[in-house]
Amino acid sequence: MNIKPSSPPHQQVLDPRFLGRPVHLLPLFTARLREDLAELFRAGMNRRYRAAFEVSEIGMACIDEPEHAGRWLRYEAPSGGIGFAIERSVLLGAIHYRYGTREAAPADKPAQPPARETATEERLAATLGAQFAAAVAARIDGWPGTATEACEFRAAGANPPPIVKAWTIKASIAESKLGIHGNLWLTLDDAWMSRLLRQLAVPREAKQKDAAAGDAGAPLAQRLHLQLAGRLLQKEVPLGTLLDLQIGEVIPISLGPTEVLVEDARLFRAVVAERAGKLCLTSFEDVE
């Protein structure tokens with residue numbers, strides 16, 4: 001009997017730049033990121049267009065050459081750059097739901113996609129890439145429980161080269177109604193990867209213990225944390241007007257005094273103001 005030795009499992013090659021860094025904690029990061037990406041699909045596609053996109057798997061590894069041979073996009077910020085690529089099958093599925101095209105079809109009646117990438121594909125890929133890059137940046141800045149910093153990305157020039165020898169996030173996307181199975185990729189440059197590892201290096205438990213120790217001697221009013229929710233807008237429109245809405249139309253609104261709630265209890269009225277490009281609440285008044 002000849003027994004063939006089993007092939008050794010694939011091992012991640014260690015990068016000397018990251019020796020001694022908490023690379024082993026990256027699965028914790030990708031697990032949280034999977035929830036963020038899934039929420040983007042739920043809010044942006046599934047709820048609005050009755051699609052069924054889901055993030056089935058996600059992983060992160062350092063690779064020498066990009067796995068995707070197609071077009072890459074890159075988004076730059078003062079803190080570094082993030083690359084993005086998406087398989088065309090996933091992109092065409094999103095176009096099918098958003099614009100009602102026939103570029104994607106059920107698995108039992110497959111349709112032939114256009115031979116060349118269309119301008120609609122390019123625009124939607126750029127939009128999705130900006131959203132996913134922002135989600136990655138927010139997850140990195142918010143790990144593990146730190147205050148998220150605002151990060152504004154701008155698209156790089158036309159056809160930027162992909163980031164090579166980079167840590168790459170690969171998410172597998174499935175859509176059961178159209179029978180779609182594809183991937184999207186996000187690559188982090190050295191600046192963003194170092195930023196992520198710095199965040200992972202501070203254990204969540206240590207931060208919580210330090211915060212609890214600092215608050216131990218404070219009065220109850222300072223130790224008790226409540227989550228405030230501001231109800232900014234409620235507008236009624238006739239059903240006929242709602243059904244006649246088309247993509248690109250605008251519903252005019254005006255922000256008046258808003259209600260501030262804890263759970264479902266109305267406690268204050270406040271005025272909505274703008275400061276440094278952000279909406280803020282000011283001039284609080286008791287409801288009673």
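The minimum heavy-atom distance between R139 and L33, with the atom names listed, is CB-CD1, 4.3 Å. When every heavy atom of W192 is checked against every heavy atom of S79, the shortest pair comes out as CZ2-OG, 3.1 Å. Among all heavy-atom pairs drawn from T187 and A166, the shortest one is CB-CB, 4.3 Å. When every heavy atom of G93 is checked against every heavy atom of L178, the shortest pair comes out as CA-CD1, 4.1 Å. In this structure, H68 and A85 approach most closely via the heavy-atom pair CD2-CB, 3.4 Å. Across all non-hydrogen atoms, the minimal contact from A171 to L37 is CB-CD1, 4.2 Å.
Placement of L261 and L281 in two distinct hydrophobic clusters is found when ILVMFWY residues are connected by side-chain heavy-atom separations under 4.5 Å, directly or transitively. Taking hydrophobic clusters as Ile, Leu, Val, Met, Phe, Trp and Tyr residues chained together by side-chain heavy-atom distances below 4.5 Å, V164 does not share a cluster with I82. In the hydrophobic cluster analysis, where Ile, Leu, Val, Met, Phe, Trp and Tyr join through side-chain heavy atoms closer than 4.5 angstrom, I247 is grouped together with L124.
Counting side-chain heavy-atom gaps under 4.5 Å among Ile, Leu, Val, Met, Phe, Trp and Tyr, the cluster of W72 also holds W185. In the hydrophobic clustering, where aliphatic and aromatic side chains (Ile, Leu, Val, Met, Phe, Trp, Tyr) are joined below 4.5 Å either directly or transitively, I163 stands alone.
The closest donor-acceptor contact from the side chain of D189 to the backbone of G81 lies under 3.5 Å. Counting only distance, with no hydrogens or angles, the side chain of S194 and the backbone of A191 share no donor-acceptor pair below 3.5 Å. With W167 contributing its side chain and L188 its backbone, the two residues share no donor-acceptor pair below 3.5 Å. Under the 3.5 Å distance criterion, the side-chain polar atoms of E175 are left unmatched by any main-chain donor or acceptor of V90.
Atom CG of L91 is separated from atom CD of E122 by 10.0 Å, given to the nearest 0.5 angstrom. For the atom pair E236 CD and T241 OG1, the distance stands at 12.5 Å (nearest 0.5 Å). The structure places CZ of R123 at 9.0 Å from CD1 of I95, a figure rounded to the nearest 0.5 Å.
Scored by the ring pair (Phe, Tyr, Trp, His ring centres under 6.0 Å) test, F284 finds F268 as partners (sequence neighbours excluded). Taking the side chain to side chain contact (heavy atoms under 4.5 Å, CB included) definition, one finds that V250 meets it with nothing, sequence neighbours left out. For A43, the side chain to side chain contact (heavy atoms under 4.5 Å, CB included) criterion is met by E39, R47, not counting sequence neighbours. Here A126 pairs with L73, Y75 under the side chain to side chain contact (heavy atoms under 4.5 Å, CB included) rule; sequence neighbours left out. Looking at residues two or more places apart in sequence or on another chain, you find a salt bridge (Lys or Arg N to Asp or Glu O under 4.0 Å) between E76 and R74. Remark: R71 engages E117 in a salt bridge (Lys or Arg N to Asp or Glu O under 4.0 Å) (not counting sequence neighbours). Residues passing the side-chain hydrogen bond (donor to acceptor under 3.5 Å, both in side chains) test with E67 are K170, sequence neighbours excluded. Shown here are the side chain to side chain contact (heavy atoms under 4.5 Å, CB included) partners of F41, two or more places apart in sequence or in another chain: M45, F53, V55, F132, I173, L184.
A 4.5 Å side-chain heavy-atom check between L245 and I251 finds at least one atom pair inside the cut-off. Contact annotation: the side chain of I140 approaches that of V136 to within less than 4.5 Å [non-hydrogen atoms, C-beta and beyond]. Looking only at side-chain heavy atoms (C-beta outward), N46 and E54 stay at 4.5 Å or farther from each other.
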Considering only distance and modelled atom types, tabulate donor-acceptor pairs under 3.5 Å from the side chains of residues 56-65, sequence neighbours left out.
from, atom 1, to, atom 2, distance (Å)
S56, OG, S172, O, 3.1

Practice prompt. Test L196 against L26 for side chain to side chain contact (heavy atoms under 4.5 Å, CB included), laying out the working first.
Written response: CA-CA 9 Å; L196 169 58; L26 289 176; 3.7 Å; yes

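Sequence neighbours left out, not one pair with a member in residues 244-256 passes salt bridge (charged side-chain N to carboxylate O under 4.0 Å, His left out).
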